[in-house]
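Computed from a prediction, not measured in an experiment: that's the story for all the values here.
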Amino acid sequence: METIASFTVDHMKLLPGVYVSRKDSTGRDVVTTFDIRMTRPNFEPVMNTGEIHTIEHLGATFLRNHETMGSQIIYFGPMGCRTGFYLILAGDYESEDIVPLLQEMYEYIRTYQGEVPGAAPECCGNYLDMNLPMARYLADKFLREVLMDITPERLKYS
């Protein structure tokens, strides 16, 4: 079998950032998959499942309800390695195009208070595995250290 493209990225050099992971054609349309890398692979501790799960619930809720981009959202969810998230959008986008959207989303998460959307047994298969304080901390860290003054090496795979 051929190695998939994401396994050819040197994860020893990958910094936290926002990267176009792939673009796929669905006939006439293009779908863009983003690698939203919140921690440095193999150097920083990975995120625990409680905070990842909380960021997933808050991020998906924010994105699907976004006034201008909500209709473009196909998927937002965690990477198996627990170092970040995938965001899949309908359309042909570059990393720079979605930085303002991600700034809004992470601001929403870092200031969120109250019950986590969908954190109930009727709505979620593991509703008890949530950690809002840590999700808020990680959102704040990513926003401050990466998104607010994002640099070119954090927008394109090297």
Side-chain angles (χ1 to χ4, degrees), residues 5-6 14-40 47-157:
S6 62
L14 190 59
L15 298 173
V18 180
Y19 305 95
V20 172
S21 177
R22 60 185 290 158
K23 293 186 183 190
D24 296 289
S25 174
T26 62
R28 297 179 315 215
D29 301 317
V30 173
V31 174
T32 306
T33 301
F34 291 95
D35 169 340
I36 302 168
R37 196 63 64 149
M38 290 183 63
T39 66
R40 187 170 179 200
M47 295 179 283
N48 292 312
T49 60
E51 49 263 29
I52 285 177
H53 196 192
T54 305
I55 292 169
E56 176 192 18
H57 276 237
L58 292 171
T61 299
F62 174 85
L63 291 166
R64 292 187 182 277
N65 285 285
H66 193 270
E67 187 176 317
T68 58
M69 292 296 292
S71 63
Q72 302 305 107
I73 306 302
I74 294 174
Y75 174 78
F76 175 75
M79 296 176 175
C81 62
R82 299 186 295 155
T83 63
F85 293 84
Y86 289 113
L87 172 61
I88 304 174
L89 297 178
D92 188 356
Y93 294 96
E94 298 302 326
S95 297
E96 298 86 348
D97 299 332
I98 68 157
V99 168
L101 175 67
L102 295 179
Q103 290 170 336
E104 284 182 60
M105 182 184 85
Y106 281 95
E107 178 65 31
Y108 172 80
I109 294 169
R110 85 171 175 176
T111 61
Y112 188 85
Q113 297 193 28
E115 295 297 316
V116 175
E122 310 81 36
C123 307
C124 178
N126 193 11
Y127 75 100
L128 294 175
D129 190 19
M130 297 279 176
N131 187 340
L132 180 57
M134 196 62 183
R136 290 179 59 188
Y137 169 82
L138 290 172
D140 177 66
K141 183 178 187 299
F142 188 62
L143 188 60
R144 283 183 299 102
E145 293 179 4
V146 178
L147 291 176
M148 293 312 291
D149 292 309
I150 198 159
T151 55
E153 69 270 9
R154 294 178 186 260
L155 291 166
K156 297 207 183 332
Y157 289 140

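Sorted by first and then second residue, the salt bridge (Lys or Arg N to Asp or Glu O under 4.0 Å) pairs involving residues 56-76 (not counting sequence neighbours) form an empty list. The stretch residues 131-147 participates, sequence neighbours left out, in these salt bridge (Lys or Arg N to Asp or Glu O under 4.0 Å) pairs: E44-K141, R110-D140, D140-R144, K141-E145. Sorted by first and then second residue, the salt bridge (Lys or Arg N to Asp or Glu O under 4.0 Å) pairs involving residues 77-101 (not counting sequence neighbours) are K23-D92, K23-E94, E96-K156.
Atoms CG and CD, from L101 and Q72 in turn, are 11.0 Å apart once rounded to the nearest 0.5 Å. Separating the CD1 atom in I88 from the OG atom in S21 is a distance of 9.0 Å, to the nearest 0.5 Å. Rounding to the nearest 0.5 Å places NE2 of H53 at 10.5 Å from CG of L58.
Residues I36 and M79 share a closest heavy-atom pair of N-CE, 4.2 Å. Among all heavy-atom pairs drawn from I74 and A90, the shortest one is CD1-N, 3.7 Å. The shortest non-hydrogen separation linking L138 to M38 is O-CE, 3.7 Å. Taking both residues in full, the closest heavy atoms of T32 and Y93 are given as OG1-N, 3.2 Å, listed atom of the first, atom of the second, then distance. Residues I55 and F76 approach most closely at O-CE2, 3.7 Å, considering heavy atoms. Between R40 and L14 the shortest heavy-atom distance is CG-O, 3.3 Å.
When the shell of 6.0 Å around OH of Y137 is examined, it contains 12 or fewer heavy atoms from other residues, nucleotides or ligands.
A search for salt bridge (Lys or Arg N to Asp or Glu O under 4.0 Å) contacts involving R22 returns D24, not counting sequence neighbours. Judged as a salt bridge (Lys or Arg N to Asp or Glu O under 4.0 Å), and not counting sequence neighbours, D29 has no contacts. Every side-chain contact (heavy atoms from CB on, under 4.5 Å) that T68 has, sequence neighbours left out, goes to H66. Looking at residues two or more places apart in sequence or on another chain, you find no side chain to side chain donor-acceptor pair (under 3.5 Å) involving T54. Scanning for side chain to side chain donor-acceptor pair (under 3.5 Å) contacts around T111 gives an empty result, with sequence neighbours left out. Among residues two or more places apart in sequence or in another chain, the ring-ring contact (aromatic ring centres under 6.0 Å, His included) test is passed with F34 by none. Taking Y157 as the reference, Y19 meet the ring-ring contact (aromatic ring centres under 6.0 Å, His included) condition, with sequence neighbours excluded. By the side-chain contact (heavy atoms from CB on, under 4.5 Å) test, M148 is found to be paired with Q103, L143, residues two or more places apart in sequence or in another chain being considered.
In this structure, the side chain of T83 does not engage the main chain of T39 through any donor-acceptor pair within 3.5 Å. Put simply, the side chain of R154 gets close to the backbone of P16: a donor and an acceptor are under 3.5 Å apart. The closest donor-acceptor contact from the side chain of E51 to the backbone of N48 lies under 3.5 Å.
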Assess the residue pair F142 and L102 against the criterion (side-chain contact (heavy atoms from CB on, under 4.5 Å)); give the C-alpha distance rounded to whole Å, side-chain angles, the decisive distance to 0.1 Å, and a yes or no. CA-CA 10 Å; F142 188 62; L102 295 179; 5.6 Å; no

Pair F62, I109 - check side-chain contact (heavy atoms from CB on, under 4.5 Å), show working. CA-CA 9 Å; F62 174 85; I109 294 169; over 6 Å; no

For F85 and I52: C-alpha separation, side-chain torsions, deciding distance, then whether side-chain contact (heavy atoms from CB on, under 4.5 Å) applies. CA-CA 9 Å; F85 293 84; I52 285 177; 4.0 Å; yes

Please step through side-chain contact (heavy atoms from CB on, under 4.5 Å) for the pair M47 and M134, ending with a clear verdict. CA-CA 9 Å; M47 295 179 283; M134 196 62 183; over 6 Å; no

Show every donor-acceptor pair shorter than 3.5 Å between a side-chain atom in residues 114-130 and any protein atom, with sequence neighbours excluded, or say none if there are none.
| from | atom 1 | to | atom 2 | distance (Å) |
| --- | --- | --- | --- | --- |
| D129 | OD1 | T49 | OG1 | 3.4 |
| D129 | OD1 | G50 | N | 3.4 |
| D129 | OD2 | T49 | OG1 | 2.7 |

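Of the candidates T33, D35, L63, L87 forms a side-chain contact (heavy atoms from CB on, under 4.5 Å) with just one, namely L63.
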